[in-house]
Amino acid sequence: MAPQYDAIVVGAGFGGMGAGIQLDRLGLSNFVILERENDLGGTWHVNHYPGLAVDIASVTYSYSFEPNPHWTRLFAPGTELKKYAEHVADKYDLRRRMRFDTVVGGARWDEEQQHWVVSIENGESLTARYILAATGFLSQPYTPPFPGIDTFAGKIIHTTAWDNDFDLTGRKAAIIGTGATAVQLIPEVAKKADALTVFQRTPIWVVPKVDTAIPKPVQTLFERVPATQKAARMVNTTMLEALMVVGVLHFKQAKPLNKAAALLAKAHLRTSVKDKETRRKLTPDYDFGCKRPTFSNLYFKTFNEEHVRLETNSIDHIEPDGIVTADGHKTEIDTLILATGFNLWDVNFPAIEIIGRDGVNLGKFWRDNRFQAYEGITVPKFPNFISLNSPYSYSGLSYFTTIEAQMKHMGRLFGEMFRRGEKTFEVTEHANTEFLDRVTDKLDSSVFYSGQCSTARSYYYNQHGEAALLRPTSTVNAHREAVSFPLDDYTYGSASV
Ligand SMILES: Cc1cc2nc3c(=O)[nH]c(=O)nc-3n(C[C@H](O)[C@H](O)[C@H](O)COP(=O)(O)OP(=O)(O)OC[C@H]3O[C@@H](n4cnc5c(N)ncnc54)[C@H](O)[C@@H]3O)c2cc1C
């Protein structure tokens with residue numbers, strides 16, 4: 001039996017949409033994008049907490065082939081990203097091929113039929129020649145199992161399920177977590193709450209955010225002369241690239257640059273926070289770059305406010321009206337905000353059960369061996385499978401660098417398969433091993449292995465202590481290899497149906 005679809009994409013974020021656009025360009029237009037939420041946009045649909053904005057300037061955080069001249073700020077707020085996602089979906093005719101409220105449970109390669117069978121949680125099965133997993137990195141919310149949390153009598157909100165109708169005015173709030181989300185949220189909550197206690201486990205490096213409104217005449221210029229926005233993108237991307245490649249990936253060779261970034265963050269802390277003890281508590285004891293750097297002009301200053309308190313004792317348990325720390329102190333609260341982030345390595349990689357050739361289970365394979373994916377996109381024994389959120393796939397600081405390199409990889413791979421008149425592809429063991437060895441080797445120079453990251457608790461590391469998320473090369477290299485990888489790194493085959 002011929003499969004129902006050319007391709008099934010799982011996830012309607014910027015990854016899944018990029019995959020859909022590329023499938024159309026390749027002539028594989030009979031595809032469906034399955035999404036568990038009730039709308040598109042992924043990260044930018046799910047997250048809508050106060051203060052949400054990009055932390056990469058918007059000229060760079062967008063598809064290069066679909067610039068948006070209408071960003072109102074250098075770092076656009078989350079609402080504009082959601083609007084941009086909707087614009088892309090409409091312009092590229094993706095929306096009619098999206099199916100919402102559809103939770104994908106798993107996918108199994110049918111060797112006989114040479115296609116994938118995708119199971120949906122309502123019991124339905126769909127078949128497709130190709131499957132593309134775009135389920136996101138930061139898409140599985142995490143709540144630590146604090147003893148007693150179920151007994152809490154007040155309001156509990158996770159940042160991924162923000163209640164827009166909830167009024168924080170006059171509340172006694174606690175925020176647990178001081179990651180990138182908390183850095184954006186804390187100043188906003190402090191504006192409304194009567195009292196705010198921030199529970200910090202690990203301090204975060206924060207550098208000033210050079211943010212400003214983009215005046216209308218500049219927006220008009222970007223619209224009328226797209227080359228100007230392109231130039232702005234190039235300048236911004238180059239700066240990010242320097243920070244990432246020199247400061248993080250070549251830490252061993254360029255320590256002074258990394259240290260300079262840390263000094264900038266320390267100076268920012270010193271000039272922002274009045275109290276010496278609070279400054280000490282907010283100073284990280286791990287190297288800059290072990291965690292994704294964060295940008296804010298408001299975060300540190302918030303801790304000067306009378307009604308804001310920083311708590312660094314660990315949480316022992318939660319009671320109906322408060323949080324008790326290990327030293328026995330109870331902070332009375334009526335609102336508990338969980339900025340506790342996401343579970344990457346236990347629940348993602350992969351986010352759904354994927355069974356490939358010879359019954360190999362991808363999750364088990366990754367856990368029993370090492371997390372790996374050739375060029376961060378394909379895995380041996382998983383024919384016709386594109387894994388967009390893979391180990392070693394995240395390239396550079398803007399996610400769009402990653403997805404666009406992956407779209408290019410798809411173009412070259414599918415192009416060659418079609419040229420040969422074939423319908424299946426699978427990466428060779430040899431090519432995959434060679435890539436894994438190469439990235440492992442390169443990571444040696446990075447801050448992750450040459451720096452002091454042991455106290456960072458960074459999501460860049462997996463449960464085996466490997467920094468297996470980022471591709472340790474320049475984005476230029478990622479894009480070059482996406483259009484020049486050896487075509488024989490794959491085997492190609494025909495399908496009788
Ligand atoms: C608050 C926040 C701010 C961020 N800011 C930036 C930034 O400034 N710059 C940057 O580069 N990156 C940022 N990121 C990272 C961001 O996730 C990526 O930039 C990008 O949006 C990822 O797109 P994606 O499509 O891969 O994943 P997502 O946007 O997470 O989309 C994945 C989709 O898959 C769906 N899905 C998952 N499992 C299933 C299933 N089983 N069945 C059906 N559907 C499923 C999810 O519901 C989701 O809609 C941020 C992330 C967060 C959480």
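Bear in mind the structure is a predicted one, so any value in this text is a computation, not a measurement. Each ligand, and each atom within it, is numbered from 1 in the order the structure gives.
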Tell me if the aromatic rings of Y399 and F14 count as close, with their centers under 6.0 Å from one another. no
Counting heavy atoms only, which of T43, L185, L388 comes nearest to atom 50 (C) of ligand 1? T43
Nearest non-hydrogen contact to atom 20 (C) of ligand 1 from the set F342, F14, Y61 belongs to Y61
Is the side chain of W345 donor-acceptor paired with the backbone N or O of Y461 at a distance under 3.5 Å, no angle test? yes
To the nearest 0.1 Å, how far is atom 1 (C) of ligand 1 from its closest protein heavy atom, and which atom is that? Y49 OH, 3.5 Å
Can you list the ligand 1 atoms lying under 4.0 Å from a non-hydrogen atom of I352? 41 (N)
Report, in ascending order of atom number, the atoms of ligand 1 lying under 4.0 Å from any heavy atom of E37. 47 (O)
Closest to atom 41 (N) of ligand 1 among protein heavy atoms sits V104 O, 2.9 Å
Q406 touching ligand 1 at heavy-atom level, < 4.0 angstrom: no
Please evaluate residues R99 and I33 with respect to the criterion side-chain contact (heavy atoms from CB on, under 4.5 Å), reporting the C-alpha separation (whole Å), side-chain torsions for both, the decisive distance (0.1 Å), and the verdict. CA-CA 6 Å; R99 242 181 91 170; I33 301 180; over 6 Å; no
Hey, do the aromatic rings of Y374 and Y490 have their centres closer than 6.0 Å? yes
Measure from NZ or CZ of R357 to the centre of the six-membered ring of F382 and say whether it is under 6.0 Å with the direction within 45° of the ring axis. no
Which of the listed options, W44, Y399, F75, holds the heavy atom that is closest to atom 5 (N) of ligand 1? W44
When the ring centroid of Y142 is compared with that of F342, is the distance short of 6.0 Å? no
Ligand 1 atoms in contact with L52 (distance to a heavy atom under 4.0 Å): 1 (C)
Protein heavy atom at shortest distance from atom 36 (N) of ligand 1: R36 NE, 3.8 Å
Taking only heavy atoms of V54 into account, list the atoms of ligand 1 that are under 4.0 Å away from them. 8 (O)
V46 near ligand 1, heavy-atom distance under 4.0 Å? no
Look only at the side chain of E35 and the backbone of M98, and say whether a donor-acceptor pair between them is shorter than 3.5 Å. no
In terms of residue, atom name and distance, what is the protein heavy atom nearest to atom 24 (P) of ligand 1? G15 N, 3.8 Å
Taking the cut-offs as 6.0 angstrom to the six-membered ring centre and 45 degrees off its axis, would you call R25 and F65 a cation-pi pair? yes
Do me a favour and list the nearest non-hydrogen protein atom to atom 15 (C) of ligand 1 with residue, atom name and distance? L138 CD1, 4.1 Å
Before you tell me yes or no, could you show the steps for I214 and H70 under side-chain contact (heavy atoms from CB on, under 4.5 Å), namely the whole-Å CA-CA distance, both residues' side-chain angles and the distance that decides it to 0.1 Å? CA-CA 9 Å; I214 302 179; H70 307 298; over 6 Å; no
Pick whichever of G341, G42, G105 has a heavy atom sitting closest to atom 31 (O) of ligand 1. G42
Just checking Y130 against F414, ring centres under 6.0 Å apart? yes
Among all protein heavy atoms in this structure, tell me which lies nearest to atom 33 (C) of ligand 1, with the distance rounded to 0.1 Å. E35 OE1, 3.6 Å
Does E404 reach the main-chain N or O of H479 with its side chain, forming a donor-acceptor pair under 3.5 Å? no
Identify, by atom number and element, the atoms of ligand 1 in contact range of I56, meaning under 4.0 Å from any of its heavy atoms. 8 (O), 9 (N)
W44 and Y61 aromatic centres sub-6.0 Å: yes
Tell me if a side-chain donor or acceptor on E426 pairs with a main-chain N or O of K381 at a distance below 3.5 Å. yes
If we set the cut-off at 4.0 Å for heavy atoms, which region of E353 has an atom near ligand 1: side chain, backbone, both, or neither? neither
Looking only at non-hydrogen atoms, which of G11, A53, A19 approaches atom 34 (O) of ligand 1 most closely? G11
Right, does atom 28 (P) of ligand 1 have protein non-hydrogen atoms nearer than 4.0 Å? yes
Proximity winner for atom 12 (N) of ligand 1, if only heavy atoms of F137, Y394, F295 are counted: Y394
Ligand-residue contact atoms, ligand 1 with S398, heavy atoms, under 4.0 Å: 11 (O)
A134 heavy atoms, cut-off 4.0 Å: which ligand 1 atoms fall inside? 32 (C), 33 (C), 34 (O)
What atoms of ligand 1 come within less than 4.0 Å of a heavy atom belonging to T102? 42 (N), 43 (C)
Should one rank N389, T159, T160, D55 by closest heavy-atom distance to atom 8 (O) of ligand 1, which comes out on top? D55
Taking NZ in K301 as the centre, count heavy atoms belonging to other residues, nucleotides or ligands within less than 6.0 Å. Is the count above 12? no
